[in-house]
Amino acid sequence: MFTDEYFMKLALQEAQEAFEKDEIPVGCIVVCKDRIVAKSHNLTETLNDVTAHAEMQAITSAANFLGGKYLIDCTLYVTLEPCVMCAGALNWSQISRVVIGARDEQRGFINKNLALHPKNEIATGILENECSAILKEFFLNKR
């Protein structure tokens, strides 16, 4: 049986890819019945698109792979708490579970008192230190 830590490590690999592309290092994995159906990372700079967050890319990719717009029975692993835009998309996708590495106290959806789909389960703090570290390193290099 795979663990949340196992899949979050794969999401961290995606974040590292973003880091190497000079994108904000956020990575995502979508899993359905222990099978990876999508993986992504931020592409806002590469695509010159403010909506090209890791979660948005993963939702689209997973829906295409599965052949439907709803991600029921899927889990999204993301290294940073989704923003309001991504939380809205996750809500509409009806994804069953969201596993978050690091919290985003300023821009994350949780402090905005937003809820995802009523049947959605949320877990936070999975590999939080590792997820925070790559973001801190990225922004230290920017300053």
Task: Rounded distance (nearest 0.5 Å) linking atom CZ of F109 with atom CZ of R103 - done: 8.0 Å

- [ ] Would you mind telling me which of I126, V78, L80 makes a side chain to side chain contact (heavy atoms under 4.5 Å, CB included) with I100?
- [x] V78

Task: CD-CG distance between E14 and L12, expressed to the nearest 0.5 angstrom - done: 10.5 Å

- [ ] Decide yes or no on side chain to side chain donor-acceptor pair (under 3.5 Å) for Q13 and E17, but give the supporting numbers first.
- [x] CA-CA 6 Å; Q13 289 176 5; E17 272 193 59; over 6 Å; no

- [ ] Might you point out which heavy atoms bring P25 and A18 nearest each other, and give the distance in Å?
- [x] CA-CB, 3.9 Å

Open item on the list: Using a 4.5 Å cut-off between side-chain heavy atoms of Ile, Leu, Val, Met, Phe, Trp and Tyr, which other residues end up in the same hydrophobic cluster as I72?
Closed with: Y70

Task: Member of N120, V30, I29 meeting the side chain to side chain contact (heavy atoms under 4.5 Å, CB included) criterion with L76 - done: V30

Open item on the list: Please determine whether the number of non-hydrogen atoms from other residues, nucleotides or ligands lying under 6.0 Å from atom CD of Q106 exceeds 12.
Closed with: no

- [ ] Taking the side chain as every heavy atom from C-beta outward, state whether L140 and F138 have any pair of such atoms under 4.5 Å apart.
- [x] no

Task: Side-chain heavy atoms of L114 within contact of V84, under 4.5 Å - done: yes

TODO: Would you check, one step at a time, whether the test side chain to side chain donor-acceptor pair (under 3.5 Å) holds for T51 with D49?
DONE: CA-CA 5 Å; T51 68; D49 178 357; 2.7 Å; yes

Task: Where G101 and M8 come nearest, the two heavy atoms and their spacing - done: N-CE, 3.4 Å

TODO: State plainly whether one hydrophobic cluster holds both L116 and W92, where clusters connect Ile, Leu, Val, Met, Phe, Trp and Tyr through side-chain heavy atoms under 4.5 angstrom apart.
DONE: no

Open item on the list: Quick check: do R35 and V31 have side-chain heavy atoms less than 4.5 Å from each other?
Closed with: no

Task: Within 6.0 angstrom of D34 CG, more than 12 heavy atoms from elsewhere - done: yes

Open item on the list: Using modelled atom types and a 3.5 Å cut-off, is there a donor and acceptor pairing between side-chain atoms of S93 and backbone atoms of L90?
Closed with: yes

Open item on the list: To the closest 0.5 Å, what do you measure between CD (E5) and OH (Y77)?
Closed with: 9.0 Å

TODO: Determine, using the 4.5 Å side-chain heavy-atom cutoff (strictly less than), whether L135 and L127 are members of one ILVMFWY cluster.
DONE: yes

Open item on the list: Does any part of the side chain of L71, heavy atoms only, come nearer than 4.5 Å to the side chain of S96, both counted from C-beta?
Closed with: no

TODO: Mind checking the OG-CG spacing from S132 to D104? Nearest 0.5 Å is all I need.
DONE: 10.0 Å

Task: Non-hydrogen side-chain atoms of K21 and E45 separated by less than 4.5 Å - done: no

Open item on the list: Can you tell whether the side chains of D73 and R97 come within less than 4.0 Å, N to carboxylate O?
Closed with: no

Task: Candidate pair T46 and E23, rule side chain to side chain donor-acceptor pair (under 3.5 Å), full reasoning - done: CA-CA 8 Å; T46 303; E23 297 274 1; 2.7 Å; yes

Task: F19 side, atom CZ; E137 side, atom CD - distance, nearest 0.5 Å - done: 4.0 Å

- [ ] For C74 and I95, work out which heavy atoms get closest and say how close.
- [x] O-CG1, 3.3 Å

- [ ] Using atom types as modelled and distance alone, determine if a side-chain donor or acceptor of T79 lies under 3.5 Å from a backbone N or O of G27.
- [x] yes

Open item on the list: Is there a side-chain contact between C28 and K39 in this structure, where contact means two heavy atoms from C-beta onward sitting under 4.5 Å apart?
Closed with: no

Task: Interatomic distance, Q94 atom CD to K69 atom NZ [nearest 0.5 angstrom] - done: 8.5 Å

- [ ] Determine, using the 4.5 Å side-chain heavy-atom cutoff (strictly less than), whether F7 and L66 are members of one ILVMFWY cluster.
- [x] yes

Task: Sidechain-backbone polar pair: N91 side chain, A87 backbone, donor-acceptor under 3.5 Å - done: no

Task: T75 side chain reached by V98 side chain, heavy atoms, under 4.5 Å - done: no

Open item on the list: With heavy-atom distances below 4.5 Å as the criterion, would you say the side chains of I110 and E81 are in contact?
Closed with: yes

Task: Any donor-acceptor N/O pair, N42 side chain to I24 backbone, under 3.5 Å - done: yes

Task: same_hphob_cluster(M56, L47) at 4.5 Å side-chain heavy-atom cutoff - done: no

